[in-house]
Amino acid sequence: MLHKILEQKLQQALAAVLPEADTSGVLVRPCPDPKFGDYQTNALMSLAKARKMNPRQLAADVAARLDIAAWCEPVQVAGAGFLNFRLKPAALATALRQAAGGGDLFFQKSANPRAVVIDFSSPNVAKPMHVGHIRSTILGDALARLLRLLGHRVITDNHIGDWGTQFGKLIVGWKSGLDAEKLRADPIAEMERLYKWVNSECETDPRVLERARQELVKLQSGDAENLRLWREMIALSESQFERVYSRLGVKFDYRLGESYYNPRLKSVVEDLAARGIAEPSEGAMAVFFRDVPELKDHPALVRKSDGGFNYATTDLATLLFRWEGGSWGAAPGEIIYVTGAPQQLHFQQLFAIFRRWHPEARVKLAHVWFGSILGEDGKPFKTRAGDTVRLEDLLDEAEERALKVVTEKNPELPEGQRRDIARAVGLGSIKYGDLSQNRQSDYVFSWDRMLSLQGNTAPYLLYAYARVRSIFRKGGEDFQAGGGAEFVIAAPEEAALARHLLNFGLALDGAAEDYRPNFLCAYLYELAGHFARFYENCPVLKAEGAERATRLALCDLTARVLQQGLEVLGIDTVEQM
RNA sequence: GCGCCCGUAGCUCAGUUGGAUAGAGCAACUGCCUUCUAAGCAGUGGGUCGCGCGUUCGAUUCGCGCCGGGCGCGCCA
């Protein structure tokens, strides 16, 4: 992390010039254009501005105190007051050698590791997982992997929708119209059919609705038969969840669904009422935010007028449980919720209530929200028939489409291998298509784009990786992994690749900071681009001596960074494609 | 009505504390395979960053006001 050293030195120099200045925001970033140098800071300009100083003069004063001759050429003041840093070849070579020799792969673990609970995916019992779950699942998993890599203790928890009014209808359907044959063949489809059937009956026949209510009450009051049915529905659903998660390579440490918190709901509301946070309102219990301008018109209900609890109550109980250390015993420094944009208000309310409830809590609460998935017509993503798209069907189609392309490009590979490649490429494309975009934008789902061989896509990155591996398959027996090769960077393509490798940690930190994996994707795409240009212009296996050793080592580092980066995104690499 | 988000090339999207000529991919056009995978590389054309005002040495980025779109706003989650 050379730029970290430069940053530290820069901050020290600034402190010598302006002893009272806050130097924490004075950062060093890669230059937007290599002609300026490798790294730059523009922070001195805003600092000078705030003090009505001459920015170029301040930059010059700081430059004069900068003690970085070990790493950089003499620093120049540029433009309105930029400081541009250009690495000395020896410093670049040293950084590369350290990584090649088994040191950190151009990133550092966090200096302040913390326990982080991540709540994501949250599918519903008795319903198929659909595209609506994919963003939460993929994004949450990527964030979990990212924070783990950076040294945090990550606790993933799947808050499954296993409780609620829908079970009244499901039990009515189960008792009066279950098709055992269909249940065996496709339990999720059968439960979905039952629910839809009873739901439509309820609309025309109030007696059915009443029966559903009664079944729900029986379930809630512990009726043995209804509990049994409920548990069976959960079990059937969980095997579906497991199928999807194992295909996607997603793992959870805990799966504490909504029902887990049932016994705690009553005391949550009582406690809130006792503290004067919740108050009666129109028969319900509500929390008002009279002193919060954004929320003053949006009270939150924590108990319904019929005495039942709703999701705000469950979420409060869950939040309290997690803050107290959950069943894992560690109080988290941070809790992250990965859900869609429409829930912003809900989490604003949830966090506001919790802060008032437990003002002493030091935990960071984050709602990481994301936009919708749209079809290519710009409307919500549906099948041609207008149904929601099942996640399993989507994954099947991704693999099928990828297999077709692989077979077209490489018909001579054995089928088993083609299928393995198709799996990595197909699932990788789905994940990457989603993760490479700013999560807050709505995402237009397009097979052609995500499976495209060009542009910022999984296949392009996987291809870059496969090309590197191909070099080592064809030759390079003389390359010693972890060996102390001297790096002699000569060609401009070598230099651009090498300098980009150094910035991997910056991409990881940036992605973690704002919960934006697309920063990492952009970095990896650029890395693959630098590698492609290097590959085009710098023959590896035909080179000799130091040039060959340097190029082999650059290839190896590129492959390792690509592999590590893709792993963070939950994407498997392939040796050939 | 109130709140949140969005509006960047024909299309789909990036754009990291405000920073140097606003970037990709697709689509269009032009080159490069007797050379490690051409699933690649190089190049050309294409922009009043929705509109206006303001703050600033500097605004796609910050503030205010419009226009257009999406979503949310007490007993679903």
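Protein chains get the first letters and strands the later ones, always in sequence-line order, with residue 1 at the start of each. Worth saying up front: this structure is predicted, and the values here are computed from it rather than measured.
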Exercise. With a 4.0 Å heavy-atom cut-off, tell me which residues in residues 33-40 of chain A come close to RNA chain B, sorted by residue number.
Key: A:Asp33, A:Lys35, A:Phe36, A:Gln40
Practice problem: Using a 4.0 Å cut-off on protein heavy atoms (strictly under), produce a 5'-to-3' string for nucleotides 33-38 of chain B with B for base contact, S for backbone-only sugar-phosphate contact, and - for none. | Solution: --SBBS
Quiz item: Residues in side chain to side chain donor-acceptor pair (under 3.5 Å) with A:Trp230, at least two apart?
Solution: none
Quiz item: With a non-hydrogen cut-off below 4.0 angstrom, is A:Gly510 in contact with a base, only sugar-phosphate, or nothing?
Solution: nothing
Exercise. Just grab all the salt bridge (charged side-chain N to carboxylate O under 4.0 Å, His left out) pairs involving residues 157-171 of chain A, residues at least two apart or on different chains.
Key: A:Asp157-A:Arg322
Quiz prompt | A:Phe82 over B:rG19, stacked by centroid distance under 5.5 Å, angle under 30° | solution = no
Check nucleotides 6-10 of chain B against the protein and report each pair of N or O atoms closer than 3.5 Å, with its distance, or say if there are none.
none

Polar atoms only, N or O, under 3.5 Å: list the protein pairs with nucleotides 23-30 of chain B and their distances.
from, atom 1, to, atom 2, distance (Å)
B:rA24, O2', A:Tyr525, OH, 2.9

Exercise. Find the runs of at least 3 consecutive base pairs, i with j, i+1 with j-1 and so on, that include RNA chain B, using Watson-Crick or G-U wobble geometry with both distances under 3.5 Å.
Key: B:1-7 with B:67-73, B:10-13 with B:23-26, B:28-32 with B:40-44, B:50-54 with B:62-66
Self-check item: side chain to side chain donor-acceptor pair (under 3.5 Å) involving A:Glu215 - partner list, sequence neighbours excluded
Solution: A:Lys175, A:Asn226
Exercise. Mark up nucleotides 70-75 of chain B, 5' to 3', with B wherever a protein heavy atom is under 4.0 angstrom from a base atom, S wherever such an atom reaches only the sugar-phosphate, and - elsewhere.
Key: -SSBBB
Quiz item: By a strict heavy-atom criterion of less than 4.0 Å, which residues belonging to residues 423-437 of chain A are in contact with RNA chain B?
Solution: A:Gln437
Quiz prompt | B/S/- contact track for nucleotides 54-64 of chain B, protein heavy atom under 4.0 Å | solution = --SBB------
Self-check item: With A:Phe351 via ring pair (Phe, Tyr, Trp, His ring centres under 6.0 Å) - residues at least two apart
Solution: A:Tyr337, A:Phe347
